Participant: 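The structure's right below; bear with me while I get my questions together.
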Amino acid sequence: MPPKQAQGATRKLSKEEREKLRQLELERKQREAEEARIREEEEEAARKEREAEEAARREEARLEQQRQRQVQLKATITVTTQLDLTMDLTRDRLKDKEEWERMMRCDGLPDPTSVPEMNRYLSLWRADPDTATLHGALAKTDQVIHVISELEGVVEETRDATEKQLRDWKEIWLELQEAQKEKLNEATYHQLLDLRPHLDHETMVYSFFTSSPLVSLALWSNTTRSPKNNSHEVTELGFTFTLPGDLVETECVVRVMRTEYDHYSKFARTYNPPVVPEEQTTLLEDGGEEEEVEPEEQPPPKEGGGKPEGNSKEKMGAPPVVVKKHKPVHLTETAPGELNLRRYRIQGGVYTIDLLEVPPQPRVMADCTITQVEEVCTVSRVHWVAQYNPPAAPEAAGQRRRDPEAVEQEMRQLEKELQKLLLITIKLPDSAFWFEPPQMVLWDEKKRCWSNEYFHDVKYNEDQCVMQVRTTRLGVMGLAMNRFANLPFQSWELKPEGGHAVTLTLIAAVVVADFTIMEEGQVCLANLQDGARTALSHLYGKPMKPNALIKTLQFYGINLFPDRDSYCYMDGLPTKHRVTEQHLYRCMALVAPALHFAWSRWNLLAGKTKLVFQMKTKILSADDTQVGQPLVLVTPQRTAVLECSEISQSFSTAEEEPEKYYADLYQLVLGEADDGAKQVLQEASPVFIHTIHHMLKSASVISYC
């Protein structure tokens, strides 16, 4: 018999049993998988439901915010529109008052808006025999330039002028300027009819000088054409010229005339900015769409608004990112040698250096003097162009060893060619500020532009502010100065002064200017520091219209108010979203009588659609004694006070009270200001607010700081 199986031993499963167990295990796994799938579907459905609810809440919040935005912006625009209507009525009243005051002055000056009066004034002036002499012509110049300036102001400020009015004004404007040139030429001619009173009988050199506040005139002639007398210094003008050999032998009179006014630049192609159609939209119509995505935090920039020196990827050896630069739409391109008046400005007046024929001189007989009378009583110019052959450019260094004798020969040849040119030395006029060496330019009548291609061997003594050049041609010359020596700003500040005045401080690259904006709608220069010295003190406290003050400062070479296209000529200047910025200036003007604003170092690199500045006021959580004042962030969508401050280690767009929504600065102030501040704002006159807005918009402190 086989041995019995051990008690408790496991019985071997049959094939059918193993198959049954496998089926059970498979069913269990299928059941668990099905249960997991159901759970996942339920969780996914729940997640989608939560996301849908969250999206619905976000959409509801967005719609609510958009609704609030529309309501708030419409409220702000209603206020600004009403102010504009009030200002239109105010301008009409001021215009009537000015016309009445002009009539009551009875000074004989014409009404610049009346073409018949202007034509009558022009006719009487041309026929006046007293203005044929230098004394009479110079005495009349101040009045004529004043009339021309008034006419220019009419053209600039009149908004409802017809095409015919503009055409008539331009025509009389051109005739006045041309008549002014003719009068000076005629008076110069009469002065040259007899050289004897101003002739040095030892050297036989004729020298004459006279001046008025706007015109200085020097006449000189080497009547014997002696080679020894080939140069002359006009001490009163700080002007010296040395004639080349061919001109020493020419019978002529050298005229050096300097006018404080410039009647040439306005005819240049580059005088006005390019006409670029822009959408006339408000922030409400713009829609407030973001144009970029900016990081939430940035490292602090250097003090004074400096930019980062390099990219971290470049420092790690990664290849630099090549960014294709697009030509700005407002950029004015120029031909070779053409001066771009969008970048430069003729400063310190205009010099006319020309050669005049000597009119027939009186002949003294035994008992009479015979004088020849000419039909045309005006100057005749002597044409002169130097026969200058500039030497060829030297070969690039390192190509071959140059013979010292050949170099010396080239230098002698160059010096010989330079002697063919007329040498001019100019002490820069004290009537303007010179922040850097200017360019010497000549007015090209054919091309209607200022050109720098006729000057050679240019030297500049910075300590003495003296420029020396040699020129191949004579004519109307000017000193061209970079218009943006003081831009962009280092910082700015807008501070209320008791609710009846506002101080605007602009700290530029070289100068520091304080302006007082007054309740009557005028502005005055309160202080101007040029380094360690005080400048233009004679203008301090003198009330002026904003445009008149801006033009006065530009006359002295101080440009603190950029034009629409100025950004094209400043490297690395990130301008801001224009519609948002312009709306911000309107809001700032509305609340400036009660609030103190200042620049922020975070604004420069915050991005195009992020406008950042400090609001120093007690209406917010921080008081005036706190070192880190709160920052205000303005975007096309909203305006908010930020958690970070000017002294924070990094910039963040996190809001102080994110649950509160304000569409713009004006609504934020209305929502947070106390009754005292609101009372100040209500009492501010429309003229006061309009003037503040005009100065802010002209300075463009957000984009240019």
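All figures in this text were calculated on a predicted structure; none of them were measured in a lab.
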Participant: Yes or no on side chain to side chain donor-acceptor pair (under 3.5 Å) for His694 and Asn547, after CA distance, side-chain angles and deciding distance?
Facilitator: CA-CA 9 Å; His694 188 110; Asn547 283 338; 3.0 Å; yes

Participant: Answer yes or no: are there more than 12 heavy-atom neighbours, outside Lys495 itself, under 6.0 Å from its atom NZ?
Facilitator: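 Incorrect, the count does not exceed 12.
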
Participant: Just verifying a value: how many Å separate Gln522 CD and Thr516 OG1, rounded to the nearest 0.5 Å?
Facilitator: 12.5 Å

Participant: Report the C-alpha separation of Leu487 and Met570 in whole Å, then their side-chain angles, then the decisive distance to 0.1 Å, and conclude whether the side-chain contact (heavy atoms from CB on, under 4.5 Å) test is met.
Facilitator: CA-CA 8 Å; Leu487 293 173; Met570 300 181 198; 3.5 Å; yes

Participant: Once rounded to the nearest 0.5 Å, what's the spacing between atom CH2 of Trp492 and atom CG of Leu696?
Facilitator: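 Answer rounded to 0.5 Å: 7.0 Å.
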
Participant: Side chain of Tyr704, backbone of Tyr567: donor and acceptor closer than 3.5 Å?
Facilitator: yes

Participant: Given Glu493 and His596, is the side chain to side chain donor-acceptor pair (under 3.5 Å) satisfied, shown in steps?
Facilitator: CA-CA 8 Å; Glu493 187 176 34; His596 182 178; 2.6 Å; yes

Participant: Could you check whether any side-chain N or O of Trp602 sits under 3.5 Å from a backbone N or O of Ser645, counting only pairs where one atom can act as donor and the other as acceptor?
Facilitator: yes

Participant: What is the distance from atom CD1 of Ile517 to atom CD of Glu497, rounded to the nearest 0.5 Å?
Facilitator: 10.5 Å

Participant: Just by modelled atom types, is the Asp160 backbone N or O under 3.5 Å from a matching donor or acceptor in the Thr158 side chain?
Facilitator: no

Participant: Please confirm whether the backbone N or O of Leu331 pairs with a side-chain atom of Asp565, one donor and one acceptor, at under 3.5 Å?
Facilitator: no

Participant: Determine whether the aromatic ring centres of Phe688 and His500 lie less than 6.0 Å apart.
Facilitator: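 No - the distance between ring centres of Phe688 and His500 does not fall below the 6.0 Å cut-off.
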
Participant: Please report the C-alpha distance between Tyr585 and Ile692 in whole Å, then the side-chain angles of each, then the deciding distance to 0.1 Å, and finally whether the side-chain contact (heavy atoms from CB on, under 4.5 Å) criterion is met.
Facilitator: CA-CA 9 Å; Tyr585 292 145; Ile692 298 172; over 6 Å; no

Participant: More than 12 heavy atoms of other residues, nucleotides or ligands under 6.0 Å from OH of Tyr460: is that the case?
Facilitator: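 Correct, the count exceeds 12.
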
Participant: Just so I know, are the side chains of Asn527 and Thr505 near enough to count as touching, which here means a heavy-atom distance under 4.5 Å?
Facilitator: no

Participant: Is it the case that more than 12 heavy atoms not belonging to Asp88 sit under 6.0 Å from its CG atom?
Facilitator: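 More than 12 heavy atoms, drawn from other residues, nucleotides or ligands, come within 6.0 Å of this atom.
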
Participant: Checking side-chain hydrogen bond (donor to acceptor under 3.5 Å, both in side chains) between Arg62 and each of Glu59, Gln65, Gln66, which is the one that passes?
Facilitator: Glu59

Participant: Does Lys576 reach the main-chain N or O of Lys610 with its side chain, forming a donor-acceptor pair under 3.5 Å?
Facilitator: yes

Participant: Please check if the number of heavy atoms outside Glu53 that lie under 6.0 Å from its CD is greater than 12.
Facilitator: yes

Participant: If we check side chain to side chain contact (heavy atoms under 4.5 Å, CB included) with Val612, which of these qualifies: Leu631, Thr635, Ile702, Thr653?
Facilitator: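 The option that passes is Leu631.
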
Participant: For the side chain of Ser703 and the backbone of Ser700, is there at least one donor-acceptor N/O pair under 3.5 Å apart?
Facilitator: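 Pair absent, no side-chain N/O of Ser703 close to backbone of Ser700.
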
Participant: Say whether, by atom type as modelled, one donor and one acceptor occur between the side chain of Arg483 and the main chain of Gln554 under 3.5 angstrom.
Facilitator: no

Participant: Using a strict cut-off of less than 4.0 Å between a Lys/Arg side-chain nitrogen and an Asp/Glu carboxylate oxygen, indicate whether Lys95 and Asp92 qualify as a salt bridge.
Facilitator: no

Participant: Using a strict 4.0 Å threshold on nitrogen-to-oxygen distance, state whether Arg586 and Asp84 make a salt bridge.
Facilitator: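 Counted as a salt bridge, because a side-chain N and a carboxylate O are separated by less than 4.0 Å.
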
Participant: What distance do Asn340 atom CG and Tyr271 atom OH have between them, rounded to the nearest 0.5 Å?
Facilitator: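 Reported to 0.5 Å precision, the distance equals 13.5 Å.
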
Participant: Under 6.0 Å between ring centres: does that hold for Phe597 and Phe613?
Facilitator: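 Between Phe613 and Phe597, which both carry aromatic rings, the centre distance is below 6.0 Å.
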
Participant: Within the distance-only criterion (no hydrogens, no angle test), does the side chain of Asp664 pair as donor or acceptor with the backbone N or O of Gln667 below 3.5 angstrom?
Facilitator: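 Present.
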
Participant: Please confirm whether Tyr556 and His538 have ring centers closer than 6.0 angstrom.
Facilitator: yes

Participant: Please determine if Arg67 and Glu64 form a salt bridge, counting it only when a charged side-chain N lies under 4.0 Å from a carboxylate O.
Facilitator: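 Salt bridge: yes.
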
Participant: Using a 3.5 Å distance criterion without hydrogens, assess whether the side chain of Gln347 forms a donor-acceptor pair with backbone atoms of Pro438.
Facilitator: no

Participant: Would you check if the side chain of Arg343 reaches a backbone N or O of Asn482 as a donor-acceptor pair within less than 3.5 Å?
Facilitator: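 Looks like no, no N/O pair under 3.5 Å.
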
Participant: With rounding to the nearest 0.5 angstrom, report the OG to CG distance, Ser698 to Leu560.
Facilitator: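 One gets 11.5 Å once the value is rounded to the nearest 0.5 Å.
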
Participant: Between Glu657 and Lys660, is there a side-chain N and carboxylate O pair less than 4.0 Å apart?
Facilitator: yes

Participant: Check this for me, if you would: do Arg57 and Glu60 make a salt bridge, where the nitrogen-to-carboxylate-oxygen distance has to be below 4.0 angstrom?
Facilitator: no

Participant: Can Glu333 and Arg342 be counted as an ion pair, charged N to O under 4.0 angstrom?
Facilitator: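 Between Arg342 and Glu333 there is no salt bridge, as every charged N stays at least 4.0 Å from the carboxylate O atoms.
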
